[in-house]
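Please read the structure below before turning to the comments.
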Amino acid sequence: MGDEMILCECGEFIQGETFKDYINNSANPSTATVGHIKCGLLFDFIDEKMPKKYSSKKELKSLAVKFSDKKNLDQSLLGKFLIEVDRLKSLGKLSDYDLLMTAYGRL
């Protein structure tokens, strides 16, 4: 999975915390994939049935701080990042992962 972070439905970033399994999807009845060790959720990257999490503002701020820690954001950028997360959340259209990645891209 490299440097990519996946936000699981359980609210955790699963970078490096995965197990290998096989699923049935449109490409093959036995396609290799990964699952989250903590909660057991399997990810379907082929059919793009990735879980979408939509947290409350309070939960999202906690996720944003975890995200900033994983990305080693400087303290001077953390405030700007959290403000951007709040702005995007107020639009109400993005999943948590899309929101965090968009806010990070705007720094």
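Predicted model only: the values in this text are computed from it and were never measured.
- Linking ILVMFWY residues whenever their side-chain heavy atoms come closer than 4.5 Å, directly or via other members, leaves Tyr22 and Leu41 in distinct clusters.
- The side-chain tip of Lys71 points at the ring of Tyr104 from less than 6.0 angstrom away and within 45° of straight on.
- Qualifying salt bridge (charged side-chain N to carboxylate O under 4.0 Å, His left out) partners for Lys70, counting only residues two or more places apart in sequence or in other chains: none.
- Take Asp98 and apply the salt bridge (charged side-chain N to carboxylate O under 4.0 Å, His left out) test, not counting sequence neighbours, and it matches Lys52.
- Note on Leu63: it does not cluster hydrophobically with Ile83, by side-chain heavy-atom contacts below 4.5 Å among ILVMFWY residues.
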Anything under 3.5 Å between a donor and an acceptor, one on a side chain of residues 26-33, the other on a protein residue two or more places apart or in another chain? List them.
| from | atom 1 | to | atom 2 | distance (Å) |
| --- | --- | --- | --- | --- |
| Ser26 | OG | Asp47 | OD1 | 2.3 |
| Asn28 | OD1 | Ser30 | N | 3.0 |
| Thr31 | OG1 | Asn25 | OD1 | 3.2 |
| Thr31 | OG1 | Asn28 | O | 3.3 |
| Thr33 | OG1 | Phe43 | O | 2.2 |

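- Note that CG of Leu7 is 10.5 Å distant from CG of Leu99, once rounded to the nearest 0.5 Å.
- Residues that satisfy the side-chain contact (heavy atoms from CB on, under 4.5 Å) test with Asp21, not counting sequence neighbours, are Phe19, Leu42.
- Residue Lys66 qualifies as enclosed at atom NZ: its count of foreign heavy atoms under 6.0 Å is above 12.
- For the atom pair CE of Met101 and OG of Ser95, the computed distance is 11.0 Å after rounding to the nearest 0.5 Å.
- Side-chain contact between Leu82 and Leu78 is present, with heavy atoms from C-beta onward closer than 4.5 Å.
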When you look at Phe81 and Arg106, which way does the side-chain contact (heavy atoms from CB on, under 4.5 Å) test go after all the steps? CA-CA 8 Å; Phe81 177 66; Arg106 291 183 178 179; over 6 Å; no
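- Between atom CD of residue Glu17 and atom SG of residue Cys39 there is a gap of 10.5 Å, rounded to the nearest 0.5 Å.
- Between Thr18 and His36, the closest side-chain pair of non-hydrogen atoms is not below 4.5 Å.
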Under 3.5 Å, sequence neighbours excluded: what are the donor-acceptor pairs made by side chains of residues 87-94?
| from | atom 1 | to | atom 2 | distance (Å) |
| --- | --- | --- | --- | --- |
| Arg87 | NH1 | Glu84 | OE1 | 2.9 |
| Lys89 | NZ | Ser55 | O | 2.4 |
| Ser90 | OG | Arg87 | O | 2.6 |

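- Checked against side chain to side chain donor-acceptor pair (under 3.5 Å), Asp69 has no partners two or more places apart in sequence or in another chain.
- A heavy-atom distance below 4.5 Å is not found between the side chains of Asp96 and Glu59.
- Hydrophobic clustering (side-chain heavy atoms under 4.5 Å, transitive across Ile, Leu, Val, Met, Phe, Trp, Tyr) keeps Ile14 apart from Tyr54.
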